[in-house]
Amino acid sequence: MAARKTTKKPNVSAEELQTYYREMLLIRRFEEKAGQLYGMGLIGGFCHLYIGQEAVVVGLEAAAEEGDKRITSYRDHGHMLACGMDPGGVMAELTGRIGGLSKGKGGSMHMFSKEKHFYGGHGIVGAQVPLGAGLAFADKYKENGRVTFTYFGDGAANQGQVYETFNMAAIWGLPVIFVIENNQYAMGTAQSRSTSTKDIFHRGEAFGIPGEIVNGMDVLAVKEAGEKAVAHCRAGKGPYILEIKTYRYRGHSMSDPAKYRTREEVQKVREQSDPIEHVRELLLTGKHATEDDLKAIDKEIKEIVNQAAEFSKESPEPSVEELWTDIYA
Ligand SMILES: Cc1ncc(C[n+]2csc(CCOP(=O)(O)OP(=O)(O)O)c2C)c(N)n1
Ligand SMILES: [Mg+2]
């Protein structure tokens with residue numbers, strides 16, 4: 001992973017940078033709070049935190065337009081917040097309450113928003129990839145100019161269904177951006193132990209799908225690559241692959257023996273490549289914000305997250321009758 005660069009002065013407005021700072025900070029503070037609530041026993045089951053990877057979704061959402069779709073794996077809270085889903089609704093889903101986005105019946109991995117074009121939240125590794133191509137197929141059929149961001153991990157990239165999807169997406173010229181969030185580990189398996197090549201996007205070449213590597217710790221680099229991929233898809237040129245090199249700071253899920261990497265490795269990334277610190281430095285060195293401005297943003301985000309947590313505790317559990325709603329039979 002490339003260390004962050006602060007030498008080049010980016011051509012970006014104060015407002016834009018502050019927006020990225022705010023959005024990434026919301027994800028980080030939300031996830032930290034979710035971790036706390038989990039520790040207190042208020043959240044049960046699986047819960048996969050996104051801390052460290054914030055620049056990926058924030059950068060790509062900056063490249064998206066209204067109506068574009070997104071679908072991802074179980075590590076999904078960041079994607080929901082970045083596309084504008086309500087933090088209280090997400091947190092209350094984590095705590096299994098009726099105010100949650102799936103009425104407390106889905107939990108961390110199963111939330112959706114028709115309004116925000118967010119199609120989940122999928123617990124089966126790689127299963128969202130063909131679904132993402134299906135969403136893009138619908139858009140192509142309707143000729144509505146929309147694109148679908150289909151996110152998956154470095155581990156999922158070894159699933160056979162990914163390559164069946166690449167083939168069909170290429171044949172049909174689907175407007176789908178395959179976003180490989182390469183955080184270097186699949187649970188406890190380092191990419192070097194599971195994957196024959198260092199860079200995964202090259203696999204697209206076998207199907208005629210272009211792609212590139214992106215520094216996922218730099219939100220501006222992610223946005224730029226996202227815009228290029230979106231333009232490719234909207235121009236009717238078919239799918240595109242973005243392999244975004246990122247890093248997960250926390251365990252895979254909430255119980256993780258953490259024996260597959262050293263504390264020093266994690267610490268080094270935090271110190272040298274943190275995506276939020278990167279934008280913070282750009283804001284301060286470019287005189288786009290003062291320390292006081294940033295403190296005010298920090299406070300604002302803290303309040304949003306505290307309110308979400310309060311809501312997630314106060315909202316009641318779903319009633320027994322809810323067992324019979326939202327089901328097929
Ligand atoms: C089909 C299937 N196999 C195995 C699992 C167990 N499992 C859950 S997450 C995971 C690792 C996936 O890693 P990656 O795709 O890199 O995503 P990350 O967790 O790093 O975001 C595995 C093996 C599963 N949920 N589904
Ligand atoms: Mg991974």
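Ligands are counted one by one from 1 in listed order, and the atoms in each one are counted from 1 as well. Along the sequence shown, residues are numbered consecutively beginning with 1.
- Only the side chain of His252 comes within contact range of ligand 1, with a heavy atom under 4.0 Å; no backbone atom does.
- Ring pair Phe30/His77 is perpendicular by interplanar angle, where above 60° counts as perpendicular and below 30° as parallel.
- In this structure, atom 15 (O) of ligand 1 lies nearest to the protein heavy atom Ala156 N, 2.8 Å.
- Here is the list of ligand 1 atoms found below 4.0 Å of a heavy atom in Arg75: 18 (P), 19 (O), 21 (O).
- A salt bridge links Glu243 and Lys245; the closest N-O separation between the charged side-chain nitrogens and carboxylate oxygens is under 4.0 Å.
- The Mg ion (ligand 2) lies under 2.8 Å from an N, O or S atom belonging to Asp154.
- Among the backbone and side-chain atoms of Tyr185, an N, O or S atom lies under 2.8 Å from the Mg ion (ligand 2).
- A salt bridge does not link Glu15 with Arg22: every distance from a Lys NZ or Arg NE/NH1/NH2 to an Asp or Glu carboxylate oxygen is 4.0 Å or more.
- Interface of Asn183 with ligand 1, defined as ligand atoms under 4.0 Å from a residue heavy atom, comprises 18 (P), 20 (O), 21 (O).
- Tyr163 and Phe166 have perpendicular rings, their planes meeting at more than 60° on a 0 to 90° scale where under 30° would count as parallel.
- For residue Asn182, no N/O/S atom approaches the Mg ion (ligand 2) to within less than 2.8 Å.
- When the heavy-atom distances from atom 17 (O) of ligand 1 to Tyr185, Tyr50, Tyr74 are ranked, the shortest goes to Tyr74.
- No hydrogens or angles considered: a donor-acceptor pair under 3.5 Å links the side chains of Glu271 and Gln267.
- Both the backbone and the side chain of Asp154 come within contact range of ligand 1, each with a heavy atom under 4.0 Å.
- Protein heavy atom in closest approach to atom 22 (C) of ligand 1: Met187 SD, 3.4 Å.
- Taking every non-hydrogen atom of Gly123 and a distance limit under 4.0 Å, the qualifying atoms of ligand 1 come out as 24 (C), 25 (N).
- Near Gly153, the atoms of ligand 1 lying under 4.0 angstrom from a non-hydrogen atom of the residue are 14 (P), 15 (O), 16 (O), 17 (O).
- A salt bridge does not link Lys268 with Glu264: none of the charged nitrogens is closer than 4.0 Å to a carboxylate oxygen.
- Within ligand 1, the atoms closer than 4.0 Å to a non-hydrogen atom of Gln159 are 1 (C), numbered from 1 in the order shown.
- Other residues, nucleotides and ligands contribute over 12 non-hydrogen atoms within 6.0 Å of the CE atom of Met254.
- In terms of protein heavy-atom proximity, atom 5 (C) of ligand 1 is nearest to Val125 CG2, 3.8 Å.
- With distances taken over non-hydrogen atoms, the option nearest atom 16 (O) of ligand 1 out of Ser194, Gly155, Gly126 is Gly155.
- Shown are Glu322, Glu317, Glu93, Glu321; of these, the salt bridge (Lys or Arg N to Asp or Glu O under 4.0 Å) with Lys105 is made only by Glu322.
- Both tests pass for Arg261 against the ring of Tyr185: distance under 6.0 Å to the centre and angle within 45° of the axis.
- Comment: Arg280 engages Glu291 in a salt bridge, judged by a side-chain N to carboxylate O separation of less than 4.0 angstrom.
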